[in-house]
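Structure record follows, encoded as structure tokens.
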Amino acid sequence: MDSLSQIALGSAVAMATIGRRTALWKAALWGAVAGTLPDLDAFIDHGDPVSNMTLHRTESHALFYLTLAAPLLAAAAAGLHGERALFRRWWLALWLALVTHPLLDLMTVYGTQLGLPFTDHPYGVGSIFIIDPLYTLPLLVGTGMALARDGRGALRCNAAGLLLSTLYLAWSVVAQQLATRAAEAALRAQGRQVERLLVTPTPFNTLLWRIVAITPQGYAEGFHSLLDEGGGVAFDDFPRGQALLAPLQGNPAVARIAWFSHGFFKLAESQGGVFVTDLRMGQEPVYIFSFRVARRDGARLLPLVPESAGGRPEVGRSLAWLWRRALGEPLAPPR
């Protein structure tokens, strides 16, 4: 999730755990620090954009390593505030603030390797977009009211914010299942053979869901709003560049994206370059994570140090379509 959500979650969790044993501002401050720390790995340059993408949310998001870090952070907090008698409570509070960071990231589609060092599998539920105001606002309001009051009822405000945000996360899973059932029914009705299916929310909401179906011919993209009338889903078909798979066998960047995306990727050749694109984040024709990984030299494809070639859609046009489509209006996606 975005940094603001993680800061708000860390503060709320720490305040709820420590309670009145210390000043609420101290718990909020250290909870925010713990909620921010895992994402500092984004500042590490691993040498190329594919490595930077796939090595984000690795050791710094692993539950094992965060558990080892928790007592060190707790010792710093307790020592600086002269509250060594509260060390165990600080330990619990900051451990929870640390581990809830990757657990929240787990709910997005990106991929969080929280099982390191035992497994490097990039887990992702994909039920919530990386920025969703309906998740973040209850946390911000709850922690803000708690800090403003810092008296009777303050902890109840904080707890209410945590409860509402958690219920929204639970709703996102339910909504994803509803959208998945609609997608599966539509694909069956259309007689499509599906190898992999991805159902993930469009930006900032859990009403409109993007569907990507990997097929033997390529992939299909469709959209389903929970407010749509009827159960049909319209799909557009796109090539996936399977003919490039054999020439690119052994290309480490392609292999890395194929693994990290769980097979939701495409290959394309344009202007002498070959590109690999993660299909999970973005929508046709614009994707955030696309990389130039090879160049054409006659009949050969020569590997390159990966170069970022991703982009972002035109915000105004995309948002106008998104909200109307989320409310059930049968609009074709912007291309």
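Positions are given from 1 along the sequence.
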With a 3.5 Å distance limit and no angle check, can you tell me whether [X] reaches the backbone of [Y] through a side-chain donor-acceptor pair?
X      : Y      : result
Ser11  : Ala8   : no
Thr143 : Leu139 : yes
Glu221 : Asp237 : no
His61  : Pro102 : no
Asp2   : Ile131 : no
Asp39  : Ala42  : no
Arg325 : Phe223 : yes
Asp41  : Arg57  : yes
Tyr110 : Met281 : no
Ser60  : Pro38  : yes

Measure the [atom1]-[atom2] distance between [X] and [Y] for me, rounded to the nearest 0.5 Å.
X      : Y      : atom1 : atom2 : result
Leu327 : Leu226 : CG    : CG    : 11.5 Å
Leu106 : Met1   : CG    : CE    : 12.0 Å
Gln217 : Arg192 : CD    : CZ    : 9.0 Å
Leu73  : Leu37  : CG    : CG    : 6.0 Å
Glu329 : Arg324 : CD    : CZ    : 4.0 Å

Just checking [X] against [Y], ring centres under 6.0 Å apart?
X      : Y      : result
Tyr219 : Phe238 : yes
Trp259 : Phe265 : no
Phe129 : Phe204 : yes
His262 : His121 : yes

For Pro252, which residues count as a side-chain contact (heavy atoms from CB on, under 4.5 Å) partner, sequence neighbours excluded?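 Applying side-chain contact (heavy atoms from CB on, under 4.5 Å) to Pro252 gives none.
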Can you establish whether the number of heavy atoms outside Arg312 located under 6.0 Å from its atom CZ is more than 12?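 Counting neighbours around CZ of Arg312, 12 or fewer heavy atoms of other residues, nucleotides or ligands fall under 6.0 Å, so no.
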Is any side-chain heavy atom of [X] less than 4.5 Å from a side-chain heavy atom of [Y]?
X      : Y      : result
Leu304 : Val293 : no
Pro138 : Val141 : no
Val173 : Met107 : yes
Ile211 : Leu198 : no

For the residue pair Trp91 and Phe87, categorise the inter-ring angle as parallel (less than 30°), tilted (30 to 60°) or perpendicular (more than 60°).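 If you compare the ring of Trp91 with that of Phe87, the planes turn out tilted.
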In terms of hydrophobic clustering (I, L, V, M, F, W, Y; side-chain heavy atoms under 4.5 Å; direct or indirect links), are Leu137 and Leu164 co-clustered?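 No, Leu137 does not connect to Leu164 through the hydrophobic network.
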Evaluation steps, salt bridge (Lys or Arg N to Asp or Glu O under 4.0 Å), between Glu83 and Lys26: CA-CA 11 Å; Glu83 297 176 350; Lys26 297 178 186 178; 3.0 Å; yes
Walk me through whether Arg240 and Gln242 qualify under side-chain hydrogen bond (donor to acceptor under 3.5 Å, both in side chains). CA-CA 6 Å; Arg240 193 163 166 247; Gln242 292 101 316; 5.9 Å; no
Phe118 and Phe64: ring pair (Phe, Tyr, Trp, His ring centres under 6.0 Å), yes or no, with the steps? CA-CA 9 Å; Phe118 310 105; Phe64 177 77; 5.5 Å; yes
Could you go through Lys266 and Glu284, starting from their C-alpha distance and side-chain angles, then the distance that decides it, and tell me whether this counts as salt bridge (Lys or Arg N to Asp or Glu O under 4.0 Å)? CA-CA 12 Å; Lys266 69 174 179 177; Glu284 287 295 327; 3.3 Å; yes
Between His81 and Trp90, is the side-chain hydrogen bond (donor to acceptor under 3.5 Å, both in side chains) condition met? List the steps. CA-CA 11 Å; His81 296 298; Trp90 275 111; over 6 Å; no
For residues 244-256, pull every pair meeting side-chain hydrogen bond (donor to acceptor under 3.5 Å, both in side chains), keeping only residues two or more places apart or in separate chains.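 Pairs touching residues 244-256 that pass the test: Thr54-Arg256.
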